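These numbers were taken from a predicted model, which means no experiment stands behind them. Chain naming here is simple, since letters A, B, ... match the order of the sequence lines and numbering starts at 1 in each. Any value given below was found using the heavy atoms of this structure, including those in side chains, with hydrogens, waters and symmetry copies removed.
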Amino acid sequence: MPDLVNGDAGPDVCGPSSVPPLVACPECDALHRRVPIRRGTKARCIRCGAVLYRHSYLMPRHMVPLLLGTLMVFLIANLFPIVDLQVQGLRHGTTLFGSIVALWREGRQIVAGLVFTTTVLLPLVDLLAMLALLLSWPGHSAHLWRFVRALRPWGMIEVFMLGVVVSLVKLSHMAQIIPGPALWAFAALTILLAVIVSFDPCSLWDQPAEAGP
Amino acid sequence: MTIPVMTARRAGLMACPHCGLVCRQTAKPDPRCPRCDGKVQGRKAESLSRASAYLIAAAILYIPANLLPIMQTSSLLGAKADTILSGIAYFWTSGSWGLAALIFFASILVPLLKLGTIALLTLSVHFHWGRHLHQRANLFRIIEMVGRWSMLDIFVVALMVGLVHFRGVAVIEAGPGAAAFGAVVILTILASQSFDPRLIWDREEELHD
Ligand SMILES: [Zn+2]
Ligand SMILES: [Zn+2]
């Protein structure tokens, strides 16, 4: 069993082989023996039912192409207009970034910053950090994973997608709506990010024997 | 039904909150995880005081968030300022019940549920309640899951501002309530992040010992 290290107490003392087959429930601290589980299933705590660990269908070799594809979709979602609006012969479209700039210009910097951080900055940093995590495997992966886990609760693309739907329903009464490429890109991005989040590198460190294809 | 359960703490172990690695407890100050170099603590530091500080700040901002307009519309028909509630009322009376219900859920019900639940959980741990452990654990899990969806209204306002920008015909601007509401959402997420659900279960151990 690895000892906790203290600051500069020395080199990494735990290789994968020395990891004990133990897992503590993150929500109630109950201790469980780690058993191999089938692909696509989750292990749950016997006391409180929290998810202890999961065994994803995704392998690191699937992740790199998936992340690169998602980055492309992310670019399309941010560069093209989400919708064009037509009112009395006037036509006006907006990108997500255009909305953020409009908010900023009219003096709502806090709201603009909030929207930019949760829908553009953090999802992008998340994707890039995951890419770096997989490309530097296993060297700095654990450090990068700690970083990704800390920022993940603040990326809110799926909530934004629902916001797009609500806005369109709202506006459909007063204007003609022409969907833009970014609308479909955001829908695809929502699904792709949900798939990426299901990949948990912890399970690969803890079950090295299970990591193969 | 309660099963006497061996916990990491009773076994003299600590799990890294970042990567899950289970390590031996140590007397050293400021211990670090050997795998990810993250800070390892038996329980989140000052969980109750940090959660209640965020909670109080969120509760205070909840008032301007609901009283101030979050969206201002100026069109040929005149100017109109909408609070969260008047926006929902508008949808309700214009027949969009589904939309009204969705925004009511995300903007009114979820923030209230979060404020109430975190207050209840902090009090229950502070006063060492030993009952309804499972119910309280489930409540915590529910607010962790639905909390982020409160941002819905902020995104709707942002999109309306970006889209409805026809000079002389109709222009929508964000109101001062939007920043307050955004802050409430952020603060309630911080409050539930600082609350350590293991504190709920620690009571069971204390009763067994
Ligand atoms: Zn548990
Ligand atoms: Zn760790």
Counting only heavy atoms closer than 4.5 Å, note whether [X] contacts chain B via side chain, backbone, both or neither.
X	value
A:Glu158	both
A:Glu27	both
A:Val165	neither
A:Pro153	both
A:Ile110	side chain
A:Val101	neither
A:Ala50	both

Checklist entry - If contact means a heavy atom pair closer than 4.5 Å, which residues of residues 115-132 of chain A contact chain B? => result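 Counting heavy atoms that sit under 4.5 Å from chain B, the residues of residues 115-132 of chain A involved are A:Val115, A:Thr118, A:Thr119.
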
Item to check | Inter-chain contacts: residues 140-149 of chain A against chain B, heavy atoms under 4.5 Å | outcome: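 A:Ala142, A:His143, A:Trp145, A:Arg146, A:Arg149 fall under the 4.5 Å cut-off.
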
Counting C-beta onward and ignoring hydrogens, is there a side-chain heavy-atom pair between [X] and [Y] closer than 4.5 Å?
X	Y	value
A:Pro26	A:Leu52	yes
A:Phe186	A:Val73	no
A:Thr95	A:Leu79	no
B:Leu61	B:Phe181	no
B:Cys16	B:Cys23	no
A:Phe80	A:Leu183	no
A:Ile177	A:Asp84	no
B:Phe166	A:His92	yes

Let me know if [X] has heavy atoms under 4.5 Å from chain A in its side chain, its backbone, both or neither.
X	answer
B:Arg9	both
B:Leu199	neither
B:Glu144	neither
B:Pro17	backbone
B:Ile70	neither
B:Leu159	both
B:Val156	both

Next on the checklist: With side-chain contact (heavy atoms from CB on, under 4.5 Å) as the test, pick out the partner of B:Lys114 among B:Leu55, B:Val184, B:Ile143.
Outcome noted: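 Answer to the side-chain contact (heavy atoms from CB on, under 4.5 Å) test with B:Lys114 among B:Leu55, B:Val184, B:Ile143: B:Ile143.
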
Largest heavy-atom contact set with chain A, pairs under 4.5 Å, which of [options]:
options	answer
B:Arg141, B:Glu173, B:Gln193, B:Met151	B:Arg141
B:Leu102, B:Leu152, B:Ile103	B:Leu152
B:Ser96, B:Gly38, B:Ala8	B:Ala8
B:Gly182, B:Ala137, B:Ala183, B:Ala174	B:Ala174
B:Val185, B:Asn138, B:Val161, B:Val157	B:Val161

For the backbone of [Y] and the side chain of [X], can you confirm whether one donor and one acceptor N or O come within less than 3.5 Å of each other?
X	Y	result
B:Ser150	B:Gly147	yes
B:Asp196	B:Lys44	yes
B:Arg203	B:His128	yes
B:His165	A:Ser99	no
B:Ser47	B:Ser194	yes

Next on the checklist: Between B:Ser124 and B:Arg136, do the side chains contain a donor N or O and an acceptor N or O under 3.5 Å apart?
Outcome noted: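 B:Arg136 vs B:Ser124: donor-acceptor pair found between side chains.
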
Next on the checklist: Taking the cut-offs as 6.0 angstrom to the six-membered ring centre and 45 degrees off its axis, would you call A:Lys170 and B:Phe91 a cation-pi pair?
Outcome noted: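 That pair does not qualify as a cation-pi contact.
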
Checklist entry - What's the spacing between A:Ile191 CD1 and A:Thr70 OG1 if we round to 0.5 Å? => result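 With rounding to 0.5 Å, CD1 (A:Ile191) is 11.0 Å from OG1 (A:Thr70).
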
Checklist entry - Among A:Gly93, A:Gly98, A:Gly49, who wins on heavy-atom pairs under 4.5 Å with chain B? => result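 That would be A:Gly49.
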
Item to check | Presence of salt bridge, B:Arg10 and A:Asp29, under 4.0 angstrom | outcome: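 Looking at A:Asp29 and B:Arg10, the cut-off is not met.
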
